[in-house]
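Below, chains carry the letters A, B, ... as their sequence lines are ordered, and counting in each starts from 1. None of these values were measured; they are calculated from a predicted model. The analysis underlying the following values was restricted to heavy atoms, covering all of them including side chains, and did not include hydrogens, waters or symmetry mates.
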There are 2 protein chains.
Amino acid sequence: MSQHRHGSTPGEAGGVPAFPDLPEATIARLPEYLRALHHLAETGAETVSSEGLAAAAGVNSAKLRKDLSHLGSYGTRGVGYDVTLLVDQIEYILGLDKNRAVCLVGVGNLGHALAGYAGFASRGFRVVALFDADPKKVGERINGLTVQHIDELDRVAAEESIAIGVIATPPGTAQAVADALVAAGVTSILNFAPGVLAVPPNVDVRKVDLAIELQILSFHEHRKASLTALPGGRTAEADNQEAVGS
Amino acid sequence: MSQHRHGSTPGEAGGVPAFPDLPEATIARLPEYLRALHHLAETGAETVSSEGLAAAAGVNSAKLRKDLSHLGSYGTRGVGYDVTLLVDQIEYILGLDKNRAVCLVGVGNLGHALAGYAGFASRGFRVVALFDADPKKVGERINGLTVQHIDELDRVAAEESIAIGVIATPPGTAQAVADALVAAGVTSILNFAPGVLAVPPNVDVRKVDLAIELQILSFHEHRKASLTALPGGRTAEADNQEAVGS
DNA sequence: CGCGATTTGTGCACGCCTTCACAAGCGCCT
DNA sequence: AGGCGCTTGTGAAGGCGTGCACAAATCGCG
């Protein structure tokens with residue numbers, strides 16, 4: 001979904017298969033599997049069946065098996081998957097063994113919260129720099145980091161070899177920030193500002209728009225409401241069954 | 001994607017077509033079109049071509065036309081789409097003409113920011129109540145709202161007829177909060193806590209996991225890095241062309 | 001050592017979504 | 001009025017993803 005292009009694996013003469021050509025849909029689920037696996041590891045489980053892991057991750061077991069099969073055979077028939085082995089494997093695939101450096105631009109309402117978000121550090125990322133264009137914000141200390149002026153981005157990005165940037169600015173300045181990030185060598189951007197970013201083809205952008213999520217929910221509310229008001233439609237429950245796992 | 005089930009439109013005896021049975025993929029894009037349209041309206045445009053709107057929304061023009069065709073014929077051949085008409089139509093479909101009431105549970109790091117997020121109010125949502133289980137947080141005023149204890153949820157939800165709830169608590173308490181929301185009559189949940197929520201089939205859940213977004217980007221970083229290090233792979237650019245719009 | 005229970009890995013079919021390509025429709029200009 | 005250029009709406013094809021159902025593989029037990 002959204003702005004992404006990849007694939008092809010051009011050269012691929014012969015030798016190392018370089019990188020398993022995983023489907024995007026699978027990649028998007030791997031982090032969820034990983035989280036579930038970590039949870040299982042904490043409870044002391046050594047192996048999991050596809051059924052068990054699928055339930056913990058909220059997906060179909062067949063889908064999970066197919067996903068895992070794409071990264072090789074790390075399960076044992078009749079037994080299940082070795083939890084720690086699978087954790088290591090997924091973390092390797094996702095490149096989380098590098099403890100990647102991330103910078104955040106825009107220390108406003110949302111940016112402030114993201115800078116202090118514990119979930120980043122605990123899942124393989126270090127927020128190593130905060131930037132803002134507002135001189136009044138520069139110098140402020142958040143969670144052990146000092147906010148620097150956006151003009152420092154180039155220098156800091158090089159020093160800390162930052163490859164991932166997070167944009168949490170108002171919509172109007174998002175594109176300019178994205179350009180600055182790209183110029184500083186950042187090749188992956190997580191964008192919280194509404195709107196479409198134009199970036200070179202080698203840069204990946206993922207967008208999180210909080211209002212859009214609510215609007216999608218609003219649609220379903222609207223839909224559900226119109227169903228209950230319908231002559232044939234009863235109370236909207238008794239609609240459609242499906243287990244939800246765990 | 002993720003935990004959703006709908007469709008079927010059971011009764012549907014005869015009469016009003018009730019609700020256009022839009023594909024999920026289309027619904028997910030409508031908010032983006034809407035944002036682009038609002039932007040265009042501000043610049044004074046009265047009509048847009050599918051090409052123009054598609055560029056502003058970052059999608060293929062054919063896809064945009066097909067999406068819009070699902071909600072009826074609101075374009076004029078040879079001219080384009082009437083901006084204000086299309087805005088009204090999409091807002092109606094998304095149910096945004098109701099100015100929906102939203103409550104937020106968990107006024108921690110992230111919740112605090114969400115409570116003050118301007119993007120909600122400006123796009124059809126009113127945050128009408130904040131809840132937290134921590135007595136120390138109760139009574140705190142954020143953005144004109146007073147944090148209430150989670151035990152008040154039932155009463156307040158009924159008074160304000162809240163149908164959408166946002167969970168911004170730590171992972172451990174998310175399920176309990178979800179249960180409380182459902183018990184209070186909430187039928188749509190936006191969940192920021194990592195993990196899978198179990199809810200009745202008539203309740204819609206959308207999940208936003210910030211760490212997962214970064215992990216997906218991390219994968220692409222890993223992939224790009226392994227390509228550049230490859231014998232045949234040059235500098236990772238010159239890979240695959242595709243315009244990025246706007 | 002063999003058998004049954006269990007669980008993975010996958011071939012296959014189906015459905016959804018995307019994309020192309022073009023006919024139908026509309027307005028404008030002459 | 002007629003023709004021309006532009007744009008929508010959509011039929012059809014192709015690709016991707018999902019889920020079923022089952023063969024292959026492994027373990028444990030008698």
Distance, rounded to the nearest Å, where [X] contributes [atom1] and [N] contributes [atom2]:
X	N	atom1	atom2	answer
Glu51(A)	dA21(D)	CD	P	14 Å
Lys63(A)	dT18(D)	NZ	C1'	6 Å
Asp21(B)	dC17(C)	CG	P	10 Å
Leu86(A)	dT8(C)	CG	P	11 Å
Leu64(A)	dT7(C)	CG	P	14 Å
Leu22(B)	dC17(C)	CG	C1'	14 Å
Glu24(B)	dG17(D)	CD	C1'	15 Å

Quiz item: Can you name the side chain to side chain donor-acceptor pair (under 3.5 Å) partners of Asp67(A), sequence neighbours left out?
Solution: Thr26(A), Arg29(A), Tyr33(A)

Quiz prompt | SB check Asp209(A) Arg35(B) (cutoff 4.0 Å) | solution = no

Quiz item: Considering only heavy atoms, which members of residues 65-85 of chain B lie under 4.0 Å from some atom of DNA chain D?
Solution: Arg65(B), Lys66(B), Ser69(B), Ser73(B), Tyr74(B), Gly75(B), Thr76(B), Arg77(B), Gly78(B), Val79(B), Gly80(B), Tyr81(B)

Quiz item: What parts of residues 31-49 of chain B reach DNA chain D, counting only heavy atoms under 4.0 Å away?
Solution: Val48(B), Ser49(B)

Quiz prompt | Test side chain to side chain contact (heavy atoms under 4.5 Å, CB included) applied to Phe125(A) and Val166(A), Ile164(A), Asn99(A), the passing residue | solution = Ile164(A)

Quiz item: For the side chain to side chain contact (heavy atoms under 4.5 Å, CB included) test, which of Leu34(A), Val48(A), Thr47(A), Leu53(A) pairs with Leu86(A)?
Solution: Leu53(A)

Shortest non-hydrogen contact from [X] to [Y]?
X	Y	value
Asn191(A)	Ala174(A)	OD1-CB, 4.5 Å
Pro31(A)	Gln215(B)	CB-OE1, 2.9 Å
Ala178(A)	Leu197(A)	CB-CD1, 3.9 Å
Lys207(B)	Gly195(B)	CD-O, 3.5 Å

Quiz prompt | Asn60(B) vs dC17(C): side-chain N/O to OP1/OP2 distance below 4.0 Å | solution = no

Quiz item: Among dG17(D), dC17(C), dG19(D), which nucleotide sits nearest the side chain of Pro23(B)?
Solution: dC17(C)

Quiz item: How long is the gap from CG on Leu96(A) to CG on Asp88(A), to the nearest 0.5 Å?
Solution: 11.5 Å

